[in-house]
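Okay, so here's the structure we're looking at.
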Protein chains: 2
Amino acid sequence: MTVAASISNKIVEAILSQQLAPEARLGESELATLFNCSRTIVREAMLDLAARGIVTVIPRRGWFLTQVDAEMARELYDARQIIETGLLRHFAQKGRPLEPHLVQRLQSHLAEQQLALEAGHVGRRSYLLGNFHVCLAECLGNRLLAEKLRDFTVLTTLFTMRHQTPGDARMSYEEHVAIVEALASGRLADAGECMREHLGTWDSKVHMVREVDPLDGLRRALAPMPSDVKGVAAGGKK
Amino acid sequence: MTVAASISNKIVEAILSQQLAPEARLGESELATLFNCSRTIVREAMLDLAARGIVTVIPRRGWFLTQVDAEMARELYDARQIIETGLLRHFAQKGRPLEPHLVQRLQSHLAEQQLALEAGHVGRRSYLLGNFHVCLAECLGNRLLAEKLRDFTVLTTLFTMRHQTPGDARMSYEEHVAIVEALASGRLADAGECMREHLGTWDSKVHMVREVDPLDGLRRALAPMPSDVKGVAAGGKK
DNA sequence: CCTCCATGTCTTGTATGCAACATTAATATA
DNA sequence: TATATTAATGTTGCATACAAGACATGGAGG
């Protein structure tokens with residue numbers, strides 16, 4: 001694997017493990033010294049991540065993790081639901097059960113999820129919960145979609161990190177279990193339905209999300225001020 | 001638009017218009033002089049195309065359009081069918097008809113297709129027939145999937161070009177018309193079914209595809225030779 | 001005390017130079 | 001003539017140097 005690829009991989013993994021603050025700046029020189037290579041190579045990695053939508057450059061300012069706004073988040077969840085349920089539906093049409101060694105692969109993935117869950121490894125837990133969807137897509141026989149799904153999962157993580165969606169890990173895990181169980185016992189339609197529910201509940205969670213307001217901190221700091229009460233433009237609390 | 005972006009766009013358009021031989025080499029220096037920029041910029045464009053799977057580099061040999069093998073083609077058509085029918089299904093679930101200005105956009109796109117078809121503009125025809133799917137995805141409200149669909153369409157073109165799939169342009173056009181008509185009159189489920197058929201017939205066409213044999217030209221050139229008839233390894237014509 | 005401007009510093013943007021390697025052509029040799 | 005070896009050529013791989021711009025700092029002027 002080239003150095004550039006290892007840099008972008010490392011960054012992707014760091015995001016999925018929630019070890020990278022979503023507002024962090026990715027300085028070219030910093031990364032170059034960190035990976036002991038030239039800026040050219042770092043740039044190559046950043047360009048790759050940019051093509052995948054994970055990273056954005058502000059000219060002459062720096063590289064930043066993409067800020068996923070509400071509209072993009074909607075498209076993201078829609079896309080994931082469409083792809084994953086579509087993949088399951090497409091597989092179901094073939095009328096054959098999932099091959100045993102693939103079932104086993106999914107089950108051992110679930111075991112790892114459970115392990116991380118019980119051990120309280122937040123990073124690994126988060127990584128595995130996202131990675132499960134990629135693993136499933138691979139098992140269903142479409143690497144092209146699996147790869148794109150990985151990128152979408154990364155972007156989803158960036159969204160949830162910034163908006164602190166509650167994200168019940170145990171519940172996600174159990175829904176994963178239900179999907180694999182349906183798949184293993186040949187109830188393919190059920191698996192699709194589980195997946196639809198698993199990915200369809202995002203907006204009910206997102207309603208709890210407080211809108212991120214760049215002036216939020218400032219506003220809050222100023223609101224209780226005794227003086228200058230009516231000085232600023234209209235609009236108190238939303 | 002940056003120079004790098006214009007290079008990659010140009011290449012993508014050239015592929016979709018079938019103006020770029022699928023075995024063509026994309027030399028960095030060539031492109032640099034062609035676009036009057038340095039190799040650095042060209043490299044940036046190639047890296048972008050590589051991240052999208054459109055181009056592949058052979059170390060120290062050059063950049064080439066990706067060779068889509070049979071397995072990848074299968075995934076490609078599956079992916080497109082999953083995404084596009086999924087998009088239609090997802091839209092149908094919302095229970096609202098397509099907004100009038102979007103219907104109109106699709107219809108004028110159809111008009112352009114017809115124009116190119118009747119005028120016999122092969123390149124533009126090919127471009128529009130592929131672009132229709134991207135346009136539709138955009139109209140259905142998911143830019144993320146629309147963009148990925150564009151890349152998939154490019155790869156599909158690369159496959160069909162190399163394998164000379166018959167590809168009846170007029171039939172494709174008429175299927176597009178059927179989809180838009182269903183969409184315009186609110187028969188959303190019908191639209192999905194049309195799309196499924198439109199994208200589902202690929203393998204029946206691919207059966208007609210002659211397997212590409214790297215020795216094909218050589219073999220053909222040697223076959224009618226009167227001398228040395230039994231010299232080469234077994235296997236005459238397929 | 002506030003505002004405006006100059007300047008220094010830090011960042012990415014781009015070109016270029018050289019190294020490493022693959023292929024091809026030429027040449028020597030059996 | 002066939003083959004192995006060597007030289008030449010052309011390509012990408014990578015590092016580096018410098019340019020261009022954004023931002024922060026400090027000071028002068030009001």
Side-chain angles (χ1 to χ4, degrees), chain A residues 1-11 14 20-67 214-215 217-218 221-222 225 227-228 231-233, chain B residues 1-11 20-67 214-215 217-218 222 227-228 231-232:
Chain A
M1 183 186 292
T2 68
V3 178
S6 81
I7 295 176
S8 52
N9 278 346
K10 208 79 175 188
I11 290 174
L20 196 53
E23 68 275 9
R25 195 175 68 83
L26 302 170
E28 292 183 5
S29 313
E30 274 179 88
L31 289 171
T33 60
L34 193 59
F35 284 87
N36 196 33
C37 64
S38 75
R39 273 183 53 219
T40 304
I41 303 297
V42 173
R43 207 140 223 281
E44 204 171 299
M46 303 315 275
L47 252 19
D48 175 61
L49 291 175
R52 295 157 64 186
I54 294 169
V55 120
T56 309
V57 63
I58 300 179
R60 254 124 212 169
R61 289 270 322 196
W63 297 87
F64 300 87
L65 299 183
T66 298
Q67 294 210 22
L215 298 178
L218 190 64
L222 294 177
M225 264 230 324
S227 63
D228 214 32
V232 213
Chain B
M1 183 185 293
T2 69
V3 178
S6 81
I7 294 176
S8 52
N9 278 347
K10 208 78 174 188
I11 290 174
L20 196 54
E23 68 274 9
R25 195 176 69 82
L26 303 169
E28 292 184 4
S29 313
E30 275 178 88
L31 289 171
T33 59
L34 194 60
F35 284 87
N36 197 35
C37 63
S38 74
R39 273 182 53 221
T40 304
I41 304 297
V42 173
R43 209 141 220 283
E44 201 170 304
M46 302 316 274
L47 252 18
D48 175 60
L49 291 175
R52 295 157 65 185
I54 294 170
V55 121
T56 309
V57 63
I58 300 179
R60 253 120 215 174
R61 289 265 324 193
W63 297 87
F64 300 87
L65 299 184
T66 298
Q67 294 210 23
L215 298 178
L218 189 63
L222 293 177
S227 62
D228 214 34
V232 213

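All heavy atoms count here, side chains included; hydrogens, waters and symmetry mates do not. Every chain is numbered from 1, with letters handed out A, B, ... down the list of sequences.
- Annotation: of the two residues near DNA chain D, A:Ile41 and B:Trp63, the 5′-most nearest-nucleotide partner is B:Trp63.
- The shortest side-chain heavy-atom distance between A:Phe64 and A:Thr56 does not fall under the 4.5 Å cut-off.
- Nucleic acid contact class of A:Ile58 (heavy atoms, under 4.0 Å, all strands): none.
- Note that the CD1 atom of B:Ile58 and the CZ atom of B:Arg25 stand 10.5 Å from one another [nearest 0.5 Å].
- Annotation for A:Ile41 and A:Ala4: closest pair CG2-N, 3.7 Å, computed over non-hydrogen atoms.
- Comparing D:dA15, C:dA15, D:dA17 against the side chain of A:Thr40 picks out D:dA15 as the nearest.
- Remark: C1' of C:dT14 and CG of B:Leu31 are 17 Å apart, rounded to the nearest angstrom.
- Toward the 5′ end of DNA chain C lies the nearest nucleotide of A:Gly27, the other residue of the pair B:Arg61 and A:Gly27 mapping further downstream.
- The interatomic distance linking A:Glu44 (CD) with C:dT12 (P) rounds to 17 Å, in whole Å.
- Distance B:Glu28 CD to C:dC18 C1': 15 Å, rounded to the nearest Å.
- The two residues B:Thr66 and B:Gly53 make their nearest non-hydrogen contact at OG1-O, 2.8 Å.
- Comparing C:dT12, C:dC18, D:dT11 by their closest approach to the side chain of A:Arg60 singles out C:dT12.
- Of the candidates D:dA15, D:dT11, C:dT12, D:dT11 carries the atom nearest the B:Arg25 side chain, counting heavy atoms from C-beta on.
- Heavy-atom distances to DNA chain D give each of A:Asn36 and A:Pro59 a nearest nucleotide, and the one nearer the 5′ end belongs to A:Asn36.
- Remark: C1' of C:dT14 and CZ of B:Phe35 are 17 Å apart, rounded to the nearest angstrom.
- At C:dC18, none of the side-chain N or O atoms of B:Arg39 fall inside 4.0 Å of OP1 or OP2 (strictly under the cut-off).
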